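Accompanying notes for the structure given below.
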Number of protein chains: 2
Amino acid sequence: MKKNLSKQKVIHAASSLFFQKGFHGTSVRDIAQRAKVNVSSVSYYFNGKQGLLEYAVTKYYEEYLETIEAILKATENWSAIDRLNELIFTIIQYKQSKLQLTCFIQRELTLDSIFVREMTITYLAKENFHIRTAFFNVLAGKKLPGDERDYLLMQLKGMLITPYILHNEWKDRVIGDYSHEVFVKKYVATIQNWLKFIVENEDVSDKFQGK
Amino acid sequence: MKKNLSKQKVIHAASSLFFQKGFHGTSVRDIAQRAKVNVSSVSYYFNGKQGLLEYAVTKYYEEYLETIEAILKATENWSAIDRLNELIFTIIQYKQSKLQLTCFIQRELTLDSIFVREMTITYLAKENFHIRTAFFNVLAGKKLPGDERDYLLMQLKGMLITPYILHNEWKDRVIGDYSHEVFVKKYVATIQNWLKFIVENEDVSDKFQGK
DNA sequence: TTCTGTCGAACGAAAGTTACAGGATTTCAA
DNA sequence: TTGAAATCCTGTAACTTTCGTTCGACAGAA
């Protein structure tokens, strides 16, 4: 069963290089060289460079959504706040487990291309729906004016991606599996602490309205 | 005085295209075509594509740091919290005023290249110092264990870049100059509200320590 | 054989850059 | 003010390199 051994090597090398140099900044020859396979293997297995990208991103998001939806199903009768907290933990944990791919995809999604728009429709819309629903359920009891909910949602979503944007500043601190665990635990706690404030604070909207 | 008219056109076209398709995803012929100038103009004025990048980024950060340091000097005898609030406002306002360049540079900084490392040493280190100092001055009165300050700082820095990472999700809401103003006002208020919580809350570290 | 994977070599296209000619503009001495 | 030299800018066309992809040959497994 040595089947698809090269395929795996290509994926691994590509993840690493895309993360480091970006999609357009990486050539198939770079990938082949690092994976120690022939150049033509990329086209053979993935139908070209673009196909390799689609394969990796699709696989990432399929698993991501699967994980999210599983945790939402498993916590159906929890309180809204507990559910959201669990969701946050799950998301950060997943992203941390595929650190390079997460950073790379996060970066690529800031582009404006046909591929990004397709991914947005297929996956990001679902992700956004889950987070939004879970967050708004927590906020259900509070009376927040107009678009303040949206700004808070943006703040939350920002916290979920920050470590993977500012990765260059933090890579020194997170080395090895142990550090990963510690980071997830502490960072999730930081977010959940913010969340607690949002829920408990009564007059969040004072400043917001410019009073 | 029609001098350097082409130069300006190139910069404008490049900012727009780099923002949309990324640095490596944009060709000099793309830029020349949109700017309606000749291909060779890019090399003539900027010493090649890489030179164009360096010119744009350097100019952006020179002005950015100048703005930041000016506001820090002008608020020298303010209270720590007022100063930080003013700093946050200034940063968001500047970034919003150069939206496309901000988004592009933010994305490019997630790469791992010689150029990024140089920018980090030359500019990001200074930016980080200013934000860090201003933030830690606010936190001076509080006793926070170990690395919690760092996690909070990360959270703050994340808030300062979030709109320019999640720009694709928000571009529909911010169109025209009026919306820009409104956005700055509301988003800054959201951050400052978070900050207020950080300062006032006594037991931020409970959850953090895993208790 | 037949199928699957691997390899080197080569292809055309597109990349960034440059050489050079010609036009436009500025400079400056007469 | 004038005219010529110097400088700046633009355009064409080509160059070299590198890109992604494909072809055909070959080897091992089914």
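If you're wondering where the values come from, they're calculated on a predicted model, not measured in any experiment. Lettering of chains follows the sequences in order, A, B, ..., and the numbering in each one begins at 1.
Between A/S6 and C/dT6 there is a side-chain N or O to OP1 or OP2 distance below 4.0 Å. Taking side-chain N and O atoms only, A/Y45 has a distance below 4.0 Å to OP1 or OP2 of C/dT6.
The CD1-C1' distance, from B/I31 to C/dG16, rounds to 11 Å in whole Å. Atom pair B/D30:CG and C/dA14:C1' shows a separation of 11 Å (rounding to whole Å applied). Distance, A/Q50 CD to D/dG20 P: 11 Å, rounded to whole Å. If you take NZ of B/K49 and P of C/dG16, they are 4 Å apart, rounded to a whole angstrom. A straight line from NZ of B/K21 to C1' of C/dA15 spans 13 Å, rounded to a whole angstrom. A straight line from CD of B/Q33 to P of C/dG16 spans 13 Å, rounded to a whole angstrom. The nearest whole Å value for the distance from the NZ atom in B/K36 to the C1' atom in D/dC9 is 19 Å. Put simply, CG on A/N38 is 14 Å from P on C/dA10, counting in whole angstrom units.
Residues A/V10 and A/L52 are in side-chain contact: their nearest non-hydrogen atoms beyond the backbone lie under 4.5 Å apart.
Residue A/S27 places no side-chain atom within donor-acceptor reach of the base of D/dC19, judged by atom type and a 3.5 Å distance cut-off alone.
With B/F104 as the partner, the ring-ring contact (aromatic ring centres under 6.0 Å, His included) test is satisfied by one option alone out of B/F23, B/Y164, B/F18: B/F18.
Under the 4.0 Å criterion applied to side-chain N and carboxylate O atoms, B/E169 and A/K157 are assigned as salt-bridge partners.
Environment of CD in B/Q33: sparse, with no more than 12 heavy atoms of neighbouring residues, nucleotides or ligands closer than 6.0 Å.
Residue contacts shown for A/S40 include a base, since a base heavy atom lies under 4.0 Å away. Using a 4.0 Å heavy-atom distance criterion, A/F46 is classed as making no nucleic acid contact.
Using a 30° and 60° split on the angle between ring planes, A/Y64 and A/Y60 fall in the parallel class, below 30°.
When the nearest nucleotides of DNA chain C are assigned to A/V39 and B/H24 by heavy-atom distance, the more 5′-ward of the two goes with A/V39.
Nearest nucleotide to the A/Y44 side chain, out of D/dG20, C/dG5, C/dA15: C/dG5.
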